[in-house]
Protein chains: 2
Amino acid sequence: MTIMPKLPEKTIERLSQYRRALLICLGKNKQYIFSHELAGMLHLTPVQVRRDIMLIGYSGTLRQGYEIREMIALIGKIIDSEEGLKVAVIGLGNLGRAMISYFNGKRTKLSIVAAFDINQEKVNRVYAGVPCYHIDMLSKIIRSENIPIAIMTVPGDEAAKVTESLVLAGIKGILNYTPTPVNVPANTYLQEYDMITSLEKIAYFVKQGNREEHI
Amino acid sequence: MTIMPKLPEKTIERLSQYRRALLICLGKNKQYIFSHELAGMLHLTPVQVRRDIMLIGYSGTLRQGYEIREMIALIGKIIDSEEGLKVAVIGLGNLGRAMISYFNGKRTKLSIVAAFDINQEKVNRVYAGVPCYHIDMLSKIIRSENIPIAIMTVPGDEAAKVTESLVLAGIKGILNYTPTPVNVPANTYLQEYDMITSLEKIAYFVKQGNREEHI
DNA sequence: TTAACATTGTTATTTTTTTAACAATATTTT
DNA sequence: AAAATATTGTTAAAAAAATAACAATGTTAA
Ligand SMILES: NC(=O)c1ccc[n+]([C@@H]2O[C@H](COP(=O)([O-])OP(=O)(O)OC[C@H]3O[C@@H](n4cnc5c(N)ncnc54)[C@H](O)[C@@H]3O)[C@@H](O)[C@H]2O)c1
Ligand SMILES: NC(=O)c1ccc[n+]([C@@H]2O[C@H](COP(=O)([O-])OP(=O)(O)OC[C@H]3O[C@@H](n4cnc5c(N)ncnc54)[C@H](O)[C@@H]3O)[C@@H](O)[C@H]2O)c1
């Protein structure tokens, strides 16, 4: 295993995006890609793409660009775990279901293997191949199945309580989609996403754009 | 109207988060808040909070901190449009519905006023107060209702086509949740979000965490 | 064969963002 | 009344990220 000097956080994020874009290209039977093509697909600059690729220690060829398969494989070596990691969805409502049906079958190294809910109509059913357990089973299943990552899509009021259970159950990474910010111990990796922040940012720049037009 | 020297993009993002957190505090009948409290809620440092607050030209009081209502009002002045902006959702599937039911009634300045779909079972119905039109009506409704922002939740294959229609219809900001990156002209503000990037980033850091433990 | 060209890889520079440092000061305690 | 304390506001420094510059080089064209 080659030693990889630690990569900038933003580069990690982009590696995931590169792979997504490269998989699309592969689907179109493309073999090679230039930095400016990849940049164009993802609204980045070619320099940034080349720099990221340099950081992960890959090299393209001068007149052909980068070999798509090779690059996908290398990105996998960097961001994936060899054994693969299991993921659970907590709260099988609209958002939880959307996430499962989106994710399903997309990645081999990450897989959603369990959902949890309190609603008896959802518990003990299988949704899109994913079994739904009662939330009381959380700790048991998380441990027995060895699931390190959870996507939280319960109502905001439940977020704190559920987070606590997740941490107690030994979860190491949480993706919090509830509107309620939560707290976790330092050894747990937390990411929060709120659509309203995205929208308000867009609204701000749309507003700015209008103003500029009027200057 | 005071002139606001242009704010860092990251600050804009955090302003939206501050408001969300402040609204939660207001709901608990809290009147004042310290920088370290706000920081704690959002996993930021107190310095960063104070710096942002300085940038928007607000001042707290020395032993009480910041007046929550005042701050919410000021953030509104900066990131909201006075008249309010209308938003449309394109694709009324799981994700589109999740977004509508989440958003509904949350904000006075942004409001989802229309959805579009091709599925005849969804068209001409009202979902959570939002009327769903056939996608053929896109341009007509966008223009007549004066909707500048769209949330795109159609299947990935449709993303390019739908984006083109949106741009032609005069949309100024797009939040793309499909897994397919799209292109827009320079005067249109585009933001893309993909849950897989978030998850893969979490997986990477969970993996790193494990490695560190083993050193 | 040579010149023009397009592209990569890498170092240097600039810009943006975060963090640190610390003076100022109102409040509480002694 | 003086000292201690906790907090803000702001400038300075550091760190992170993005961009620019440009040498190297294989490919194509003249
Ligand atoms: N971050 C975003 O962009 C975004 C977007 C949409 C919705 N949301 C949020 O995501 C969450 C889910 O949204 P939704 O539309 O799917 O809501 P929903 O009501 O359809 O689903 C919530 C599910 O959680 C279950 N649940 C409730 N308490 C639970 C508990 N203690 N343990 C396990 N399951 C429990 C419910 O039975 C339900 O099935 C909400 O908090 C919503 O505000 C966030
Ligand atoms: N970014 C993310 O994190 C994330 C998460 C989940 C899903 N997704 C993506 O979001 C999209 C929607 O997911 P979903 O689970 O709601 O899918 P879905 O199939 O439930 O919904 C898609 C809807 O779009 C409608 N539609 C299809 N073509 C259309 C067109 N040309 N114009 C208007 N409407 C059209 C369909 O009738 C359907 O109602 C998919 O592309 C999915 O991959 C993204």
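We name chains A, B, ... by the order of the sequence lines, and we start the count at 1 in each one.
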Original post:
What parts of residues 34-45 of chain B reach DNA chain D, counting only heavy atoms under 4.0 Å away?
Top reply: B:F34, B:S35, B:H36

Original post:
Can you check side-chain contact (heavy atoms from CB on, under 4.5 Å) on A:I68 and A:I72, steps first, answer last?
Top reply: CA-CA 6 Å; A:I68 292 177; A:I72 290 172; 3.8 Å; yes

Original post:
Considering residues at least two apart in sequence or located in another chain, which fulfil the salt bridge (Lys or Arg N to Asp or Glu O under 4.0 Å) criterion with B:K161?
Top reply: B:E158

**OP:** Check whether any side-chain N or O of B:T178 sits under 3.5 Å from a backbone N or O of B:G156 as a donor-acceptor pair, and report yes or no.
**Re:** no

**OP:** Test A:Y18 against every option in A:L42, A:T11, A:I33 by the side-chain contact (heavy atoms from CB on, under 4.5 Å) rule and name the one that passes.
**Re:** A:L42

Original post:
salt bridge (Lys or Arg N to Asp or Glu O under 4.0 Å) with B:E70: which residues, sequence neighbours excluded?
Top reply: none

Subject >> A:E9: partners by salt bridge (Lys or Arg N to Asp or Glu O under 4.0 Å), with sequence neighbours left out >> reply: B:K201

Subject >> Identified side-chain contact (heavy atoms from CB on, under 4.5 Å) partner of B:I79 from the options B:L15, B:L74, B:L7 >> reply: B:L15

**OP:** Could you pull out all residues at least two apart from A:K10 that satisfy salt bridge (Lys or Arg N to Asp or Glu O under 4.0 Å)?
**Re:** none

Let me have the donor-acceptor pairs involving side chains of residues 83-96 of chain A, under 3.5 Å, with sequence neighbours excluded, atom names and distances please.
residue	atom	partner	partner atom	Å
A:K86	NZ	A:E145	O	3.1
A:K86	NZ	A:E145	OE1	3.4
A:N94	OD1	A:R97	NH2	3.2

Original post:
How close or far is atom P of C:dT17 from atom CE of B:M54, stated in whole angstroms?
Top reply: 14 Å

Original post:
Rounding to a whole Å, what distance do you find between B:Q64:CD and D:dT8:P?
Top reply: 11 Å

Original post:
Can you give the dot-bracket line for DNA chain D, using ( ) for pairs inside the strand, [ ] for pairs that cross earlier ones, | for pairs with another strand and . for unpaired bases, where Watson-Crick and G-U count if both distances are under 3.5 Å?
Top reply: ||||||||||||||||||||||||||||||

Original post:
Without hydrogens or angle criteria, can the side chains of A:Y193 and A:S198 be said to hold a donor-acceptor pair below 3.5 Å?
Top reply: yes

Original post:
With sequence neighbours left out, what residues match A:D194 under side chain to side chain donor-acceptor pair (under 3.5 Å)?
Top reply: B:R20, B:Y102

Original post:
Taking only N and O in the side chain of B:Y32, is any of them less than 4.0 Å away from OP1 or OP2 of D:dT7?
Top reply: no

Original post:
According to a strict under-4.0 Å criterion, is B:S59 in side-chain N/O contact with OP1 or OP2 of D:dG9?
Top reply: yes

Subject >> Residue closer to the 5' end of DNA chain D, B:I53 versus A:Q48 (nearest nucleotide) >> reply: B:I53

Anything under 3.5 Å between a protein N or O and an N or O of nucleotides 12-16 of chain D, put it in a table, one pair a line.
none

**OP:** Can you sort out the partners of A:S81 under side chain to side chain donor-acceptor pair (under 3.5 Å), two or more places apart, ordered by chain and number?
**Re:** none

Original post:
Rounding to a whole Å, what distance do you find between B:R50:CZ and C:dA23:P?
Top reply: 15 Å

Subject >> side-chain N/O A:T11 vs D:dA17 OP1/OP2, d < 4.0 Å >> reply: no

**OP:** Show your working on salt bridge (charged side-chain N to carboxylate O under 4.0 Å, His left out) between A:E82 and A:K109 and close with a plain yes or no.
**Re:** CA-CA 8 Å; A:E82 265 172 61; A:K109 290 302 183 182; over 6 Å; no

Measure all distances between protein nitrogen or oxygen atoms and nitrogen or oxygen atoms of nucleotides 23-30 of chain D, and list the pairs falling under 3.5 Å.
residue	atom	partner	partner atom	Å
D:dG26	N2	A:R63	NH1	2.4

**OP:** If a pair satisfies ring pair (Phe, Tyr, Trp, His ring centres under 6.0 Å) and one of its residues is in residues 148-190 of chain A, list it, with sequence neighbours excluded.
**Re:** A:Y189-B:F205

Subject >> A:D52 CG to D:dA18 P, straight-line distance once rounded to whole Å >> reply: 8 Å

**OP:** To the nearest Å, give me how far apart CD (A:E13) and C1' (D:dA18) are.
**Re:** 14 Å

